[in-house]
Amino acid sequence: MDHSRSARTAALTWAACAVLLAASACGGGQGAEEAGGAEGGKEEGPASASAKRLDEAQLVQYEDAKVVPEAGQSGAYGELSGVAHTKRLREETELDKPECADATDRWAAVPEVGDAPASVAVYARGDDTTLSHTLLALPADAADKALEAAVPPEECSSYKATMKDGSTSAYEISELEADEIADGSRAFTVKTETQGEEVWLYALVYRNGDHLASTSVIGPDSDGDYADLLTGFSQAAAEREDKVLT
């Protein structure tokens, strides 16, 4: 195994992920420490009791992807440290299309989402693939609005970003055809090219009753199996939610 390449890919994956998604979704190492800390980022507040129930509904393992407990977070979605960290990163990043800053998580702009109880679980598969699953308790009508907003707008099918350190990344977004999950779902992919290397994000947002969930898979997609991993994980997660939350 080329360990130097593995380390380089992991660093690029984290950088790309941190700009695209809440940093809690970026897994271990640098991302986990800044997003959740050693205590796993459990927020205290009115939403915490409901969020703990959501924690119980998260998968512990899917195939060979195992949960990374210290990278998880729970509490009101808008108060999660990973969400705040991503907002800061985006403010420090210059885009050639500023309107695309939140292209990959437009569902989070629905007003009810910020105060919704939320649980974020992060999973590692091997050295270069990270999955994350964000589960929110959200009334069905608000969840439907969030789902409708989930697919990035057409004008953001491609854009470029310049990071604070001067490095640049190019993004290409495409809608992904995938089997429907629970009460409705939307899926898309993002190809990120940084320093001549590619990092892929596969993302799917679904509604399951009075809950909204977002699954992401990020890494090099070396085996070309991320689409199957995304939908398989999401289906298993929805089945787990049905058992625990209903």
Side-chain angles (χ1 to χ4, degrees), residues 1-36 38 40-41 54-74 80 82 86 104-105 118-135 169 171 173-174 176 178-179 181-182 185 187-194 197-206 213-241:
M1 176 184 293
D2 183 344
H3 293 288
S4 63
R5 181 180 177 83
S6 253
R8 186 169 67 253
T9 300
L12 293 173
T13 296
W14 188 86
C17 176
V19 173
L20 289 168
L21 301 168
S24 55
C26 301
Q30 180 182 3
E33 183 178 348
E34 295 187 18
L54 299 178
D55 285 343
E56 296 172 6
Q58 295 280 17
L59 294 171
V60 174
Q61 182 170 348
Y62 177 75
E63 295 182 345
D64 54 350
K66 298 179 181 180
V67 73
V68 183
E70 64 271 20
Q73 295 189 42
S74 63
L80 297 180
T86 300
T104 58
D105 59 0
S119 168
V120 180
V122 178
Y123 307 79
R125 189 185 77 167
D127 295 328
D128 59 7
T129 298
T130 298
L131 292 86
S132 72
H133 187 250
T134 300
L135 178 61
S169 296
Y171 300 91
I173 302 181
S174 302
L176 176 66
D179 293 340
I181 305 297
S185 57
F188 61 90
T189 66
V190 185
K191 181 177 77 171
T192 303
E193 187 170 339
T194 303
E197 296 198 32
E198 290 182 358
V199 174
W200 285 88
L201 165 71
Y202 280 66
L204 185 147
V205 180
Y206 65 88
S214 173
T215 305
S216 69
V217 182
I218 192 163
D221 195 16
S222 304
D223 297 328
D225 67 342
Y226 280 9
D228 290 339
L229 180 59
L230 178 74
T231 54
F233 179 98
S234 298
Q235 184 61 53
E239 291 171 1
R240 167 74 178 170
E241 292 153 22

> Would you call Val217 and Phe233 a side-chain contact if the rule is heavy atoms closer than 4.5 Å?
Replying inline: no
> What pair of heavy atoms forms the shortest contact from Ala237 to Tyr206, and how long is it?
Replying inline: CB-OH, 3.6 Å
>> If we count only N and O atoms by modelled type, under 3.5 Å, do the side chains of Tyr226 and Thr129 hold a donor and an acceptor together?
In response: yes
> Do the side chains of Leu204 and Thr231 get nearer than 4.5 Å, heavy atoms only?
Replying inline: yes
> Which residues satisfy the salt bridge (charged side-chain N to carboxylate O under 4.0 Å, His left out) test with Arg125, sequence neighbours excluded?
Replying inline: Asp225
> Do Thr134 and Ser214 have side-chain N/O donor and acceptor atoms under 3.5 Å apart?
Replying inline: no
> Can you tell if the side chain of His133 reaches within under 4.5 Å of the side chain of Arg240, non-hydrogen atoms only?
Replying inline: no
>> If the test is side chain to side chain donor-acceptor pair (under 3.5 Å), which one of Ser185, Ser234, Ser132 qualifies with Thr215?
In response: Ser234
> Okay, side chain of Tyr123, backbone of Leu59: is any donor-acceptor separation there less than 3.5 Å?
Replying inline: yes
> Is the closest side-chain heavy-atom distance between Val67 and Gln58 below 4.5 Å?
Replying inline: no
>> I'd like to check the salt bridge (charged side-chain N to carboxylate O under 4.0 Å, His left out) partners of Glu63; sequence neighbours left out, ordered by chain and number.
In response: none
> Does the side chain to side chain contact (heavy atoms under 4.5 Å, CB included) test come out yes or no for Tyr171 and Thr104, once each step is laid out?
Replying inline: CA-CA 11 Å; Tyr171 300 91; Thr104 58; over 6 Å; no
> What closest approach, in Å, do Asp128 and Ser222 show between heavy atoms, and which atom pair accounts for it?
Replying inline: OD2-OG, 4.3 Å
>> If the condition is salt bridge (charged side-chain N to carboxylate O under 4.0 Å, His left out), which residues does Lys66 pass it with, not counting sequence neighbours?
In response: none
